[in-house]
Each structure stands twice: as C-alpha cells, then as structure tokens.
Number of protein chains: 2
Amino acid sequence: MNDNLSERSRQILEAVIDDYIRTAEPVGSRTVTRRHGLALSPATVRNVMSDLEEMGFLSSPHTSAGRVPTDKAFRFYVDSLLHVPAITENQQEEIRRQYQVPGRDVGEILKETSKILSSISNYIGIVVAPRFAANVFRQIEFVKLFGRRILVILVSESGIVQNRVIEAEEDLSTEDLVRMTNYLNELLHGLTIAEVKARIVREMQDEKVRYDKLLSRALKLSEVTLEESAADVFIEGQVNILEQPEFADVERMKEIFHTFEEKSQLINLLDCCMKADRVNIFIGAENFLSRMNQMSVITASYASGPNTLGVLGVIGPTRMGYDRVIPIVDYTARMLSELLGRE
Amino acid sequence: MNDNLSERSRQILEAVIDDYIRTAEPVGSRTVTRRHGLALSPATVRNVMSDLEEMGFLSSPHTSAGRVPTDKAFRFYVDSLLHVPAITENQQEEIRRQYQVPGRDVGEILKETSKILSSISNYIGIVVAPRFAANVFRQIEFVKLFGRRILVILVSESGIVQNRVIEAEEDLSTEDLVRMTNYLNELLHGLTIAEVKARIVREMQDEKVRYDKLLSRALKLSEVTLEESAADVFIEGQVNILEQPEFADVERMKEIFHTFEEKSQLINLLDCCMKADRVNIFIGAENFLSRMNQMSVITASYASGPNTLGVLGVIGPTRMGYDRVIPIVDYTARMLSELLGRE
DNA sequence: GGTTAGCACTCGATGCATTTGAGTGCTAAC
DNA sequence: GTTAGCACTCAAATGCATCGAGTGCTAACC
C-alpha cells in the first residue's frame, strides 16, 4: 500500500480530522474549503478525499454524507500530524490543586487520580492499582482476630497495604504471632515481592525450618497473602461518555457500560502498557476489546523510583482531543509517581 | 383522604400493579379482566380504576393509554398487599456459592457482596462499607516508610483495616514507633472507636503525657488516622438498569448515571437505614434524591455481633419485583454479618 | 343501585409518500 | 491539473392518513 501522501493530501486529511473531532459529524468537501483557508475548490478537495478513501483513511457512511476519518487516519494523525503541546500552567495548577487533600491512604489517592483524569479531560479516567509484585517488601504483620482468624497485613515500600483475613488451622497465641512476624520481617527485608515469593519457597525446604512448625506455618500464611489478587481498578467519569453525540444511542451505551463492568478485560489491556514508553495510545479497534471499537485509550505508567507500579489513562471516543489529553495523562502520571515515590 | 379500599378495589389495584411490574406498560381495563380471572366487565373495572385515580393510586400518561401505579400505590402494595415469601433454597444456595471464594480482605468481600446482590436480583447491588466508628478497636501499627512518612494501620475486631500515610513532623526511629505502638495498644484495648476518640482527647490532657513528646505525638498521629474518611461504597450491576424499558431513553440514563457518580448522596440515603428495622424500602420520590424518582431502594443493615456495621441494598425501578428482592437483600445481609462476625 | 353493552372520542404509534438539502461523482471546459 | 456545472443519491424531516388500545359517558339491564 502506498501511503506517501502529498503535502496537500495531508493538509486535507488533517482538516477533515480536525473538523470531525470538533463536530462528530461526517465532513463534506465544502466544509473543508470553507473552514480551512485552502485555496482550492470543493471539487478538487473531493478528488483528493476520494483518493484518501481509496487509501483507507476516510470512509463514507453512505453516498451523500461526507466522510469520516478511519482508525487508520487517527493513527496517522497521532503519529505524524499531531503536535503535542506542553501542558499549560493552568492545567498543572488544576491537577495539583485537586491533589491537595491531605492524609489519605493509597487507595484514596488512586481514586482521586482517576477523578482528576476524568474531570480535566472530560472523558473517562482510569487507574489500575499497583501490582503488588512490582513492589519492595517493607513489613508484614499478623493481627489476631476472633477465633482462629488472623489478619495478615503486608506493607510495601511505597506504603501500599495488602491484607487478608485467614482462618488458621489451629490456635496461635499472640506470642506465636510476634515470633512469626519477627522471623518473616528479618527474612524478607528489602526484597521485591517477586523475590519474596521465591525466597519463601526456598526457605520452606530448609531443614531447620521444616522442623519448626511455627516457622513453616508463618511461611504458609504469608504465601497465601501474597497470592496476587485481582488488581483493583478505579474508573471515574463514565457519564462524560454519555455526552458524546456518537454514543447517544441506547444500544451503544449498553455496549460501553458492559465493557466497564468487565473490569478484568480493561486491566488486561492497560497491563500491556506497563513496560511501554511514557505515553501509549490505542486507537479504536487496535485495542482488541471488540466492544470498545469506537474508543481510544491514552495511557501512561506510574512508578516509584525504578519500579513501575501501575498504569493510568484516559478513555474517550476515537475522535478525542489527543493534543489536549496526552499532556494531561503524562503529567498526572508523573505527579502520581511523585506522590507515591520517595521524593 | 379516604383510603378505605373495598376488597374489589384492592384486587383491581393489585392486578394493575402486578401487570405493570411485568410489562412496564400502562395497564388498560381490558387487560385487567383478561389476565386476572375477575368476573367483571371492563366497564366496571374502568369505573373502579377511575376512582383509584381520584384517590391518587393510579395515573394516566395521557387520555387513551391505560393507567400506571403511582408511588403511593407501590407504597400501599408493599405495606398491605405484598406477601413476602421466604427465600428459596435455590437462592440461598446461589448466594452461598458465590461467597465461596476464599482468603480475601474485607474490601473484597464487600465488593463481592454487591456483585451478588446485583447478579441475583438483576438490579443494582450496593454496599456501604462499615463505618469505622461503629467498630471495636483491636490494634494499631506504625510502619516507617521512606523519609518521614509513616503508615498508620488501624485494625478493628471484625478485621476491617483503615490506613493512612502521614508525613511526620520530625524523624522517628523504629524504636520510637514500637514504643508508640505499645503505648497505644495498651491504652485503647477493647474500646469502641467512638470511645477511642474520646479517650485520646482525655489522655492528651494528662500531665504525664503532656511532657512526654513521644506519647503526645503518638496520640496526634492516631487522632489523624481516626478522622472518618468518606465511606466507601461498592456499586455493581449498573448495566442491569439499562435493560429496563422505562429507562431506555438517553436523557433518563444520563440522569441515573449522574446519580451514581455522586456517591456521597447515595451514602447519605443508605446511612439513614443504619438504625432501622431489618429491611427498609424507599419508593420512588420518597428517597429525597430527586434524580432517583423512578427508582426504589431496598436496604438492610449488616452487623458484627451487636454493632451495626453498615448497610447494603438493591436499587431497581419502582416497579421491581419486591417479593423476589426483599428476601434476597435480607438473607444477603445476614450472610455478610456472619462472614464478618465472630461466629 | 350496581353492572354492563354500546358508542363516540382521544391520542400516540405506525406507515407511507413527499420534500429538502448536503454531499457525491462525472464530464467538459478552462 | 483545476474547476464549474449538473445529475444523482440518500438520510432526515415533514405531512398526512390510518389504526387501535383505551377512555368516558349514557342508556339499558338485572
């Protein structure tokens, strides 16, 4: 396929995309000449648009309805035409201001983050909570509850807390628990969670430990707690999508909200971006969630020091204002990293 | 207002309500005679229905469209006509089965609960997380993070964990933290959180403590952590509402989803039920959330022993199957109490 | 007097033909 | 290569007649 576009073709394509982003309506040849001071007649533009359609950048819903940019066009736009500006002072200010609620736990910060993303972008904000595995172990605690129930609390360097209530097989005294705590904290100090897991397995085979019931029980309990639970995800601003004219149809709405109830799929999608460059963009059908074929996702990962913790992003219609949203996502990710990081 | 309904009026009202619950369409006089073996002609039924309209139990959308039960009718239905059956074996089984996912923290159990409520009722499930204040103090822990950040973890009897990251005013050594922990755990043992708060205030005025910087700092930290944060709420199954024909309209949908983004209002609403009888029902406009005027809420509170912890419920259209949903809500609340309780 | 059959009337929903207008594609002239 | 001109297309809007479920009223019936 020959995608070498002439300068003029690019201009016209950009004009169509710009217009479509603004109006969500198919764009006709006249509109292009009128709104973008091109010294060309509609007829000429039509010819060019016809070529662009041939090449797969445009498509027409029906014969007499103007043309709409395809996913391919948006991809080209994002890769080649788009000039992403730096984030404005105002937006920075706005984001900082919204973070200015003091004294909260990590979960609240993440929820707040997705609210910020949604309210500033006017689309949907999404934040996938840190994968515990990416973290550095800090401390483990056992708290005795009623009966044989034990609450195991696991804390990472960045202050992320994971806890589970576990039914122990036999009664454990408070002293037992203290001993277990000390043993484990010593053993696991400074390891990443991934290393912790390996270490536990190794330690369980150690002669000395195998004969100390308490220790091996401690290992078992911590192993259970470490089981990766389904990652939490915070989604805010779903109503914003209802304001988009292209979704003002009951059937499509159902589709979309179904997608958002199936959070695991979304998590999978975002997880792919954990290792990618700073900002990642999926356009329309590129993100293999068939139900999201009219939507784009802009993601960025956040980190604490060298450890990538998780991913956040904005979900909007394919025709979203990429130039406006990309800096927002990027900056918010950096802010969140700062908040969770070591400073 | 004279609401003494004759037996026949009641039968007809019930027939209209039943039919409306099934179809979501205005009910005409013929339908009433046809589907409910009443030995009456449509004309007679019309007369009665006219009376019922007069009394405010029915209303007609327009002249030739049959009649629709009003909120008042549903209130009467729930209070006087409805015979709530016991929960079926199958449903019990289903609920138990869905709870059968082991080893999770309280948050996950609550989320699961709202999923259960939604999937079994086919409406929206909602669970308000336990108000920490209603709980009995179990343990406090301080974990040193990077720099001056300290993670404070508060655990209640029922295994509910509340945590906050706090920026301390000066460096605290690990030993300091251990001393603080021991002091507080001793001081606060066995009190309810409400009592804990009072105790902290009192203790801060104690001569001995005022001169021990470490102790007073410990009290301050715990005080900050105890600040009631916005209650968490878990809402699941919002898509279910999209299936209801009476909401198959873009404008109304927007309304509804707006309501669900404003979680604080929902929490307020449910909080009112904390102290009420087992099952509580709000019909339509009765729940002062103007945006929810076409919806009903069925709630029940859950507890751990004598302490009411929180509220859960199902939100559906006013015409929901009350007889089906009430036992589900009731039973789920009991199950959850059991899970969180002391057994 | 309550009940019912009969009938005129109402009003949204449905279907169909017509019009409108934005937009295209093609051709011929510039 | 560009453009004016024109026939053509097609969704959307408009107008209009029809349909039918349902009502309210009246007069007859038991």
Side-chain angles (χ1 to χ4, degrees), chain A residues 4-13 15-17 19-20 22-70 245-246 248-252, chain B residues 4-13 15-17 19-20 22-70 245-246 248-250:
Chain A
N4 293 331
L5 296 183
S6 72
E7 180 55 28
R8 195 175 66 181
S9 304
R10 294 173 55 148
Q11 273 180 17
I12 290 175
L13 180 55
V16 172
I17 294 177
D19 228 73
Y20 185 69
R22 279 218 337 281
T23 63
E25 306 262 290
V27 184
S29 51
R30 292 205 34 169
T31 326
V32 173
T33 56
R34 211 183 320 127
R35 275 208 273 261
H36 308 264
L38 295 180
L40 292 173
S41 77
T44 313
V45 173
R46 274 207 288 284
N47 288 331
V48 176
M49 283 168 79
S50 181
D51 296 347
L52 288 169
E53 182 165 7
E54 194 73 17
M55 285 187 269
F57 289 108
L58 298 177
S59 78
S60 25
H62 58 85
T63 329
S64 64
R67 287 179 169 95
V68 165
T70 60
E246 64 260 60
D249 153 61
V250 179
E251 276 316 305
R252 190 171 299 281
Chain B
N4 294 332
L5 297 183
S6 72
E7 180 54 27
R8 195 175 65 180
S9 304
R10 292 172 56 146
Q11 273 179 17
I12 289 175
L13 180 55
V16 173
I17 294 176
D19 228 73
Y20 185 69
R22 277 221 337 282
T23 63
E25 306 263 289
V27 184
S29 52
R30 294 207 29 174
T31 324
V32 173
T33 57
R34 209 183 321 127
R35 275 209 273 261
H36 308 264
L38 295 180
L40 291 172
S41 76
T44 315
V45 173
R46 273 207 288 283
N47 289 330
V48 176
M49 281 168 79
S50 180
D51 296 348
L52 288 169
E53 181 164 7
E54 193 75 18
M55 284 188 270
F57 287 108
L58 297 177
S59 77
S60 24
H62 58 84
T63 330
S64 65
R67 287 178 169 97
V68 166
T70 60
E246 63 261 61
D249 154 60
V250 180

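Note on naming: letters A, B, ... go to the chains in the order of the sequence lines (proteins, then strands), and numbering restarts at 1 for each one.
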| said: Taking salt bridge (charged side-chain N to carboxylate O under 4.0 Å, His left out) as the definition, give me every residue that meets it alongside B:E7, ordered by chain and number, with sequence neighbours left out. | reply: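 Residues passing salt bridge (charged side-chain N to carboxylate O under 4.0 Å, His left out) with B:E7: none at all.
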| message | To the nearest 10°, give me the bend of the helix from C:dG1-D:dC30 to C:dC30-D:dG1, comparing the axes of its five terminal pairs at either end. | response | 20°
| query | So where does chain A start and stop touching DNA chain C, 5' to 3', when the test is distance under 4.0 Å to a non-hydrogen atom? | reply |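 Under 4.0 Å from chain A, the extent on DNA chain C is C:dA22 to C:dG25.
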| request: Name all residues meeting the side chain to side chain donor-acceptor pair (under 3.5 Å) criterion together with B:S9; count only those two or more places apart in sequence or in a different chain, and write none if there are none. | output: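 Testing B:S9 for side chain to side chain donor-acceptor pair (under 3.5 Å), a comparison that skips the adjacent residues, returns B:S6.
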| said: So, using side chain to side chain donor-acceptor pair (under 3.5 Å) as the criterion, who are the partners of A:E246 when residues are at least two apart? | reply: A:R319
| query | Counting any heavy atom closer than 4.0 Å, what does A:R30 reach on the DNA or RNA strands: base, sugar-phosphate only, or nothing? | reply | nothing
| B:S60 near the nucleic acid: base, sugar-phosphate alone, or nothing, with a heavy-atom cut-off under 4.0 Å? | nothing
| request: Quick one: closest heavy-atom pair of B:V250 and A:D249, and the distance? | output: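 Heavy atoms of B:V250 and A:D249 come nearest at CG2-N, 4.2 Å.
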| query | If every non-hydrogen atom of A:P26 is compared with every non-hydrogen atom of A:G66, which pair is closest and at what distance? | reply |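 Taking every non-hydrogen atom into account, CB-C, 3.9 Å.
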| field | Earlier contact from the 5' end, DNA chain C, for A:H62 and B:T63 | value |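 The answer here is B:T63.
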| field | Euclidean distance, atom CZ of residue B:R46 to atom C1' of D:dA21 [Å, nearest integer] | value |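 Rounded to the whole Å, the gap is 11 Å.
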For residues 38-50 of chain A, tabulate all N or O donor-acceptor pairs below 3.5 Å that involve a side-chain atom, not counting sequence neighbours.
{"from": "A:S41", "atom 1": "OG", "to": "A:A43", "atom 2": "N", "distance (Å)": "3.4"}
{"from": "A:S41", "atom 1": "OG", "to": "A:T44", "atom 2": "N", "distance (Å)": "3.3"}
{"from": "A:S41", "atom 1": "OG", "to": "A:T44", "atom 2": "OG1", "distance (Å)": "3.1"}
{"from": "A:R46", "atom 1": "NH1", "to": "A:S29", "atom 2": "OG", "distance (Å)": "3.3"}

| Can you name the side chain to side chain contact (heavy atoms under 4.5 Å, CB included) partners of B:T23, sequence neighbours left out? |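 Checked B:T23 against side chain to side chain contact (heavy atoms under 4.5 Å, CB included); matches are B:D19, B:E25, B:R35.
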| Are B:S29 and D:dG22 close enough that a side-chain N or O sits under 4.0 Å from OP1 or OP2? | no
Which atom pairs, one a donor and one an acceptor, fall under 3.5 Å between side chains of residues 53-61 of chain B and the rest of the protein, sequence neighbours left out?
{"from": "B:E53", "atom 1": "OE1", "to": "B:R67", "atom 2": "NE", "distance (Å)": "2.6"}
{"from": "B:E53", "atom 1": "OE1", "to": "B:R67", "atom 2": "NH2", "distance (Å)": "2.9"}
{"from": "B:E53", "atom 1": "OE2", "to": "B:S60", "atom 2": "OG", "distance (Å)": "3.0"}

| remark: Result for 5'-nearest mapping on DNA chain D, choosing between B:G28 and A:A43, is A:A43
